[in-house]
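Given the structure is predicted, the values throughout are model-derived calculations rather than measurements.
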Amino acid sequence: MATSRAGDAEMAARIAHHRTRRPAHWHTVEEELGLAAVLREHCRPGRLVLVDCLTLWLSNLMFCDGRAWPEVGEVALPARFHQERAALLDALEAGAKGDIVFVSNEVGMGIVPRGAVSRCFVDEAGWLNQAVAAQADRAVFVAAGLPLVLKGAAC
């Protein structure tokens with residue numbers, strides 16, 4: 001499952017590049033927002049589903065209503081953000097059929113971002129990663145191509 005959105009020419013080129021690199025035998029579903037519904041539809045025993053990636057999906061949800069974001073002050077997330085996030089976690093809690101691998105970025109390990117929107121994104125990404133990892137059998141952090149098992153059996 002690919003979650004990216006082509007918001008500009010550069011991102012459209014990235015998506016096109018990824019499409020050409022996918023093996024022909026992969027069944028790919030591209031979904032920007034409704035991740036839980038797609039997981040419910042496509043996850044089944046004996047099938048591995050790769051979701052790439054949670055942080056792109058999160059970004060899509062943050063900006064799904066096209067609003068202008070404040071430079072400072074409280075950031076109010078769209079209602080759909082909360083609905084889709086809750087739906088994803090509910091789907092995982094209900095017990096997804098088959099195996100799911102989530103790719104996500106750890107964006108909270110650097111400096112604290114200057115803008116309110118960036119800080120909100122960092123916080124939400126961290127909370128989402130924690131919530132998904134809490135329900136996972138295994139969580140692996142990869143840096144410089146090296147895996148660090150955070151939860152579950154070693155690689």
Side-chain angles (χ1 to χ4, degrees), residues 1-22 26 28-40 42-43 49-94 96 99-152 155:
M1 296 183 175
T3 62
S4 189
R5 171 184 291 174
D8 58 34
E10 186 273 337
M11 194 60 168
R14 283 178 178 261
I15 292 169
H17 176 73
H18 277 264
R19 286 178 180 148
T20 64
R21 294 184 61 213
R22 290 180 195 145
W26 281 17
T28 303
V29 176
E30 296 184 358
E31 177 56 48
E32 299 174 3
L33 301 171
L35 185 56
V38 174
L39 285 174
R40 283 190 178 102
H42 292 279
C43 290
V49 173
L50 172 66
V51 177
D52 190 7
C53 85
L54 283 179
T55 42
L56 282 171
W57 175 72
L58 189 75
S59 180
N60 294 343
L61 288 172
M62 284 182 67
F63 298 98
C64 70
D65 65 357
R67 77 174 72 186
W69 288 81
E71 289 296 317
V72 295
E74 191 70 26
V75 173
L77 295 166
R80 183 152 187 201
F81 175 94
H82 299 290
Q83 294 162 355
E84 293 292 345
R85 185 185 187 282
L88 173 65
L89 296 176
D90 288 346
L92 295 178
E93 188 173 333
D99 295 317
I100 306 172
V101 174
F102 289 101
V103 175
S104 190
N105 298 289
E106 175 51 67
V107 296
M109 294 181 69
I111 61 171
V112 176
R114 183 174 179 185
V117 174
S118 297
R119 285 190 300 275
C120 177
F121 176 78
V122 168
D123 289 345
E124 291 296 337
W127 293 325
L128 179 62
N129 287 341
Q130 289 176 45
V132 170
Q135 294 192 42
D137 295 328
R138 188 163 180 238
V140 180
F141 179 77
V142 179
L146 301 173
L148 172 62
V149 177
L150 303 175
K151 178 181 179 182
C155 294

- [ ] Starting at CG of L77, measure out to CD of E124 and round the result to the nearest 0.5 Å.
- [x] 5.0 Å
Open item on the list: Can you confirm whether F102 sits close enough to L128 that some side-chain heavy atom of one is under 4.5 Å from a side-chain heavy atom of the other?
Closed with: no
Task: Side chain proximity check, F63 to V117, heavy atoms < 4.5 angstrom - done: yes
Task: Value rounded to 0.5 Å, distance of CD1 in I100 from CG in D137 - done: 10.5 Å
- [ ] With sequence neighbours left out, write down each residue that passes side chain to side chain contact (heavy atoms under 4.5 Å, CB included) with S4, or none if nothing qualifies.
- [x] M11, I15, L56
Task: Audit row: T3, L33, side chain to side chain contact (heavy atoms under 4.5 Å, CB included) steps and yes/no - done: CA-CA 7 Å; T3 62; L33 301 171; over 6 Å; no
Task: Partners passing side chain to side chain contact (heavy atoms under 4.5 Å, CB included) against P113 (at least two apart in sequence or in another chain) - done: S118, R119, V122
TODO: May I ask you to test the V132-L89 pair for a side-chain heavy-atom distance under 4.5 Å?
DONE: yes
Open item on the list: Would you compute the distance between atom CG of L58 and atom CG of L35 and round it to the nearest 0.5 angstrom?
Closed with: 11.0 Å
Open item on the list: Tell me whether D8 at atom CG has more than 12 heavy atoms from other residues, nucleotides or ligands lying less than 6.0 Å away.
Closed with: yes
Open item on the list: Looking at R22, I want to see if its CZ is surrounded by more than 12 non-hydrogen atoms of other residues, nucleotides or ligands under 6.0 Å.
Closed with: yes
Open item on the list: Run the side chain to side chain contact (heavy atoms under 4.5 Å, CB included) test against A139 and tell me which residues pass, sequence neighbours left out.
Closed with: A133, L150, K151
Task: Shortest non-hydrogen contact between C120 and M62, atoms and distance - done: SG-CE, 3.9 Å
Open item on the list: As a quick check of understanding, evaluate side chain to side chain contact (heavy atoms under 4.5 Å, CB included) for N60 and E31, giving each step before the final call.
Closed with: CA-CA 10 Å; N60 294 343; E31 177 56 48; over 6 Å; no
TODO: Could you tell me whether the side chain of S59 reaches within less than 4.5 Å of the side chain of F121, counting heavy atoms only?
DONE: yes
Task: E93: side chain to side chain contact (heavy atoms under 4.5 Å, CB included) partners, not counting sequence neighbours - done: Q135
Open item on the list: Please find the pair of heavy atoms, one from T20 and one from H17, that lie closest to each other, and give the distance.
Closed with: OG1-O, 2.7 Å
Open item on the list: My understanding is that only residues two or more places apart in sequence, or in another chain, count here; which of them pass salt bridge (charged side-chain N to carboxylate O under 4.0 Å, His left out) with R85?
Closed with: none
Let me have the donor-acceptor pairs involving side chains of residues 104-111, under 3.5 Å, with sequence neighbours excluded, atom names and distances please.
residue: S104; atom: OG; partner: N129; partner atom: OD1; Å: 2.6
residue: N105; atom: ND2; partner: T55; partner atom: OG1; Å: 2.5
residue: E106; atom: OE2; partner: G108; partner atom: N; Å: 2.8

Task: Close side-chain approach of L39 to M1, heavy-atom, < 4.5 Å - done: yes
Task: Note, L88 side chain near W57 side chain (heavy atom, < 4.5 Å) - done: yes
